[in-house]
Amino acid sequence: MNSTHSERLDYLVVGAGPAGLQLGQLLQAAGHGYRILESGHAPGTFFGTFPRHRKLISINKVYNGTDDPELNLRMDWNSLLSPDPHLLFSRYSKRYFPHADDLVRYLADFAEAFKLDIAYDTRAERIQRDEDGFTVTDQHGHEHRARRLIVATGLTRPNTPDIPGIETADDYSVVSVDPEDFIDRRVLIIGKGNSALETADNLVETAAVIHVAGPHSVRMAWNSHYVGHLRAVNNNFLDTYQLKSQNALLDGNVLSVEKDPDGMYRVRFSFSRADEVVKELRYDRVVVCTGFRFDASVFDPECSPALVIDDRFAALSPAYESVNVPGLYFAGTLMQQRDFKKSTGGFIHGFRYAVRALSRILDERHHEQSWPQRQLESDPAALADAVVTRVNRSSALWQQFGVIGDLIVTPAGEPARYHEEVPVAYAHERELPDSGDYFTVTLEYGPDHDKVDPFDITVRRTAQNSVDDAFDAAYLHPVIRHHGGGELLGTHHMAENLENHWDDPEVHHAPLAAFFARELDRRSAPAGR
């Protein structure tokens with residue numbers, strides 16, 4: 001029988017993974033009516049299975065030479081933001097790359113510590129929208145209603161390429177992780193990301209031959225600064241390839257996969273960099289490691305979100321709202337559509353700040369709560385003091401480089417207003433052209449930072465603490481931009497520093513104060529000056 005929960009909440013959150021828990025804690029602290037719907041029996045069920053080989057690639061650096069909790073979050077990629085200073089992942093593991101089971105324990109304790117309103121064993125099977133909000137029907141026929149809906153499910157459907165016969169292969173999500181099952185076997189792994197190379201590394205000691213195949217080049221995270229690209233912890237396989245250990249990377253496209261009656265696979269492969277255009281290769285096992293995508297199948301047609309990036313993600317506005325379904329927001333790894341393969345929005349250490357920003361956006365839009373702010377004198381030295389203090393300590397600007405920044409609004413004749421951790425794109429949307437001048441403060445890598453080998457000592461680098469060359473600094477450094485009238489009016493780069501200490505009075509503070517002085521003077525100058 002269909003049972004209806006008649007209470008209409010402010011918010012329904014679908015998914016009790018890290019993002020759902022983070023948002024639930026923030027909504028609860030703000031006093032909003034909410035409920036989290038979770039298909040599993042505990043929080044973080046995704047991490048009960050993934051990564052398959054159980055080693056996280058999110059770092060957990062416990063010893064950083066400081067007891068400043070904000071600075072420590074720069075090296076803690078697993079903790080959620082919390083008013084409880086003891087609720088940190090570093091209390092669950094000291095390992096630099098922790099075991100996934102430790103994250104599952106941590107998430108369960110986080111949910112329990114705040115007594116979050118979570119309906120477990122509640123899988124969203126249908127999502128509808130009407131003039132009053134959203135209705136989510138679960139597998140039991142119960143209906144859950146809210147004015148606004150936040151989807152925090154992550155990427156849950158395999159991103160299986162359209163290759164004839166690929167359904168006969170093993171998928172990463174279910175294939176055996178016991179290397180003994182691959183003794184003396186020829187193995188093809190389709191995909192070139194972390195899941196593919198993690199799988200290959202696991203089989204190096206037992207498989208006879210391992211080929212890792214895909215149409216794109218392998219991109220190393222240490223080169224691109226995108227932590228979702230191949231991490232060094234998973235690149236042992238590349239060593240075996242280059243040192244001729246019967247393993248190889250295949251650059252090109254799998255055209256078809258056919259399984260013979262005797263269990264062998266015949267794979268037609270089109271090489272992109274070799275003389276032979278198409279070749280048939282034979283394998284004992286084929287494993288598909290091509291990632292995941294967002295599952296939009298539960299939405300009714302009238303409220304189905306528009307999809308982008310090969311339909312893998314919902315298209316989001318700067319407020320993390322669906323571009324075509326008002327009131328439908330997204331949290332967690334789904335937020336990475338806004339900074340796909342550019343920053344850290346797809347990972348806990350990035351989206352925890354984006355989720356906090358979303359909670360403030362919701363307060364602004366729906367609860368008449370202004371973004372937290374403090375007032376400053378509109379004095380160049382005072383503004384420089386505030387920026388230097390923030391860039392030397394903030395974990396949000398450090399982790400969400402180029403995406404989340406601080407916002408300084410400088411209305412003429414009034415004190416400046418300093419807002420912390422505002423998504424930059426939302427700041428531009430929020431600050432209308434007629435609302436006065438404002439400055440954004442971000443940490444950013446330099447132009448083309450991912451185009452050169454960072455270990456090549458023949459490549460010229462900007463000297464640290466070089467004021468004149470700061471605009472060309474490749475490494476992470478503060479960038480302050482002045483906006484007004486809908487235009488970019490000025491940009492200042494603070495000099496790169498090896499230890500990320502941007503606090504030298506002559507090198508960092510004085511040039512920044514001079515920049516503020518010039519820009520504020522520009523605003524007050526008569527027309528034509």
Side-chain angles (χ1 to χ4, degrees), residues 7-38 42-44 69-70 72-73 76 78-92 103 106-120 133-134 144-153 319-321 327 329-335 345 348-374 393-397 399-400 404 406-407 418-423 426 430:
E7 175 189 14
R8 187 173 290 276
L9 301 165
D10 291 323
Y11 301 98
L12 279 175
V13 181
V14 181
L21 300 183
Q22 181 71 85
L23 184 59
Q25 185 272 319
L26 293 165
L27 294 174
Q28 182 168 284
H32 304 317
Y34 79 98
R35 181 167 299 122
I36 302 171
L37 309 181
E38 167 56 42
E70 183 71 12
N72 279 325
L73 278 174
D76 174 354
N78 299 284
S79 292
L80 299 179
L81 305 175
S82 163
D84 184 347
H86 301 291
L87 199 55
L88 296 170
F89 182 78
S90 56
R91 293 177 176 269
Y92 289 74
L103 182 59
Y106 170 73
L107 296 175
D109 287 353
F110 187 95
E112 177 60 26
F114 295 104
K115 306 296 182 187
L116 299 180
D117 185 353
I118 304 175
Y120 293 110
F134 294 85
H144 310 262
R145 302 174 186 272
R147 296 174 184 85
R148 286 163 287 278
L149 180 69
I150 301 103
V151 177
T153 55
Y320 306 110
E321 184 180 28
Y329 295 87
F330 292 81
T333 192
L334 296 171
M335 290 171 143
I348 293 174
H349 65 292
F351 68 60
R352 61 191 177 193
Y353 304 103
V355 170
R356 182 158 66 186
L358 172 60
S359 74
R360 291 169 175 169
I361 290 170
L362 296 174
D363 279 343
E364 276 198 328
R365 287 184 158 195
H366 306 299
H367 304 283
E368 300 182 347
Q369 296 290 323
S370 60
W371 201 283
Q373 62 178 280
R374 65 182 188 276
R393 186 166 180 262
S394 167
S395 62
L397 274 59
Q399 301 290 21
Q400 278 273 262
I404 286 181
D406 287 354
L407 172 67
Y418 200 109
H419 306 266
E420 296 181 359
E421 301 178 20
V422 184
Y426 180 71
R430 176 181 183 271

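- Residue Leu107 holds its CG atom at 8.5 Å from CZ of Phe89, rounded to the nearest 0.5 Å.
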Item to complete: For side chain to side chain contact (heavy atoms under 4.5 Å, CB included), just list the numbers for Ile361 and Tyr320, CA-CA rounded to whole Å, side-chain angles, deciding distance to a tenth of an Å, and then say yes or no.
Response: CA-CA 9 Å; Ile361 290 170; Tyr320 306 110; 4.3 Å; yes
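- Side-chain contact check for Glu7 versus Arg35: some heavy-atom pair is nearer than 4.5 Å.
- Ring-plane geometry between His367 and Tyr11 is classed as tilted, the angle between the planes lying from 30 to 60 degrees on a 0 to 90 degree scale.
- Side-chain contact of His86 with Arg91: a donor-acceptor pair under 3.5 Å is present, judged by distance alone.
- With values rounded to the nearest 0.5 angstrom, Arg430 atom CZ is found 11.5 Å from Arg365 atom CZ.
- Looking at every heavy atom in both residues, Gly20 comes nearest to Ile36 through O-CD1, 3.4 Å.
- Side-chain contact check for Tyr106 versus Leu80: some heavy-atom pair is nearer than 4.5 Å.
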Worksheet item: Are Asn72 and Leu88 close enough, and set up right, to give a side chain to side chain contact (heavy atoms under 4.5 Å, CB included), and what steps lead you there?
Response: CA-CA 10 Å; Asn72 279 325; Leu88 296 170; over 6 Å; no
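- How far NE2 of His144 is from CZ of Phe134: 15.5 Å, rounded to the nearest 0.5 Å.
- Between Arg145 and Leu9 the shortest side-chain heavy-atom distance does not fall below 4.5 Å.
- Nearest heavy atom pair, residue Leu26 against residue Ser359, reads CD1-OG, 3.8 Å.
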Item to complete: Go through the steps for Glu364 and Tyr426 under the test side chain to side chain donor-acceptor pair (under 3.5 Å), then give the verdict.
Response: CA-CA 12 Å; Glu364 276 198 328; Tyr426 180 71; 2.7 Å; yes
Worksheet item: Would Phe330 and Ile150 count as a side chain to side chain contact (heavy atoms under 4.5 Å, CB included) if you check the C-alpha gap in whole Å, the side-chain angles of each, and the deciding distance to 0.1 Å?
Response: CA-CA 5 Å; Phe330 292 81; Ile150 301 103; 5.8 Å; no
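- In terms of heavy atoms, His349 sits closest to Asp76 at CB-O, 4.3 Å.
- A salt bridge (charged side-chain N to carboxylate O under 4.0 Å, His left out) with Glu420 holds for exactly one of Arg374, Arg360, Arg393; it is Arg374.
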Discussion item. Side chain to side chain donor-acceptor pair (under 3.5 Å) for Tyr353 and Glu421? Distances and angles first, verdict last.
Written reply: CA-CA 8 Å; Tyr353 304 103; Glu421 301 178 20; over 6 Å; no
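- Considering all non-hydrogen atoms of both residues, Ile348 and Ser79 come closest at CG2-O, 3.9 Å.
- No side-chain donor-acceptor contact under 3.5 Å links Tyr418 and Gln373.
- Atom-to-atom distance recorded for Gln25:CD and Lys115:NZ is 14.5 Å, nearest 0.5 angstrom.
- Between Leu149 and Val14, the closest side-chain pair of non-hydrogen atoms falls below 4.5 Å.
- Two residues are said to be in side-chain contact when any heavy atoms from C-beta on lie closer than 4.5 Å; Leu37 and Ile118 fail this criterion.
- The nearest pair of heavy atoms linking Ser394 to Ala396 is OG-N, 3.3 Å.
- Not counting sequence neighbours, the partners of Phe110 by the ring pair (Phe, Tyr, Trp, His ring centres under 6.0 Å) test are Phe114.
- Looking at heavy atoms from C-beta onward, Val151 lies out of side-chain contact with Tyr329 at the 4.5 angstrom threshold.
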Item to complete: For the pair Arg148 and His32, evaluate side chain to side chain contact (heavy atoms under 4.5 Å, CB included) and give the outcome as yes or no after the intermediate values.
Response: CA-CA 12 Å; Arg148 286 163 287 278; His32 304 317; over 6 Å; no
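- When only modelled atom types and interatomic distance are considered, Tyr92 and Asp109 share a side-chain donor-acceptor pair under 3.5 Å.
- Across Gln28 and Asp117, no two heavy atoms sit closer than the pair OE1-N, 4.3 Å.
- Although no hydrogens or angles enter the test, the distance criterion places a donor-acceptor pair under 3.5 Å between the side chain of Gln22 and the main chain of Leu81.
- Counting only heavy atoms from C-beta outward, the side chains of Arg8 and Arg147 approach each other to under 4.5 Å.
- Counting heavy atoms from C-beta outward, Leu21 and Leu116 have side chains that approach closer than 4.5 Å.
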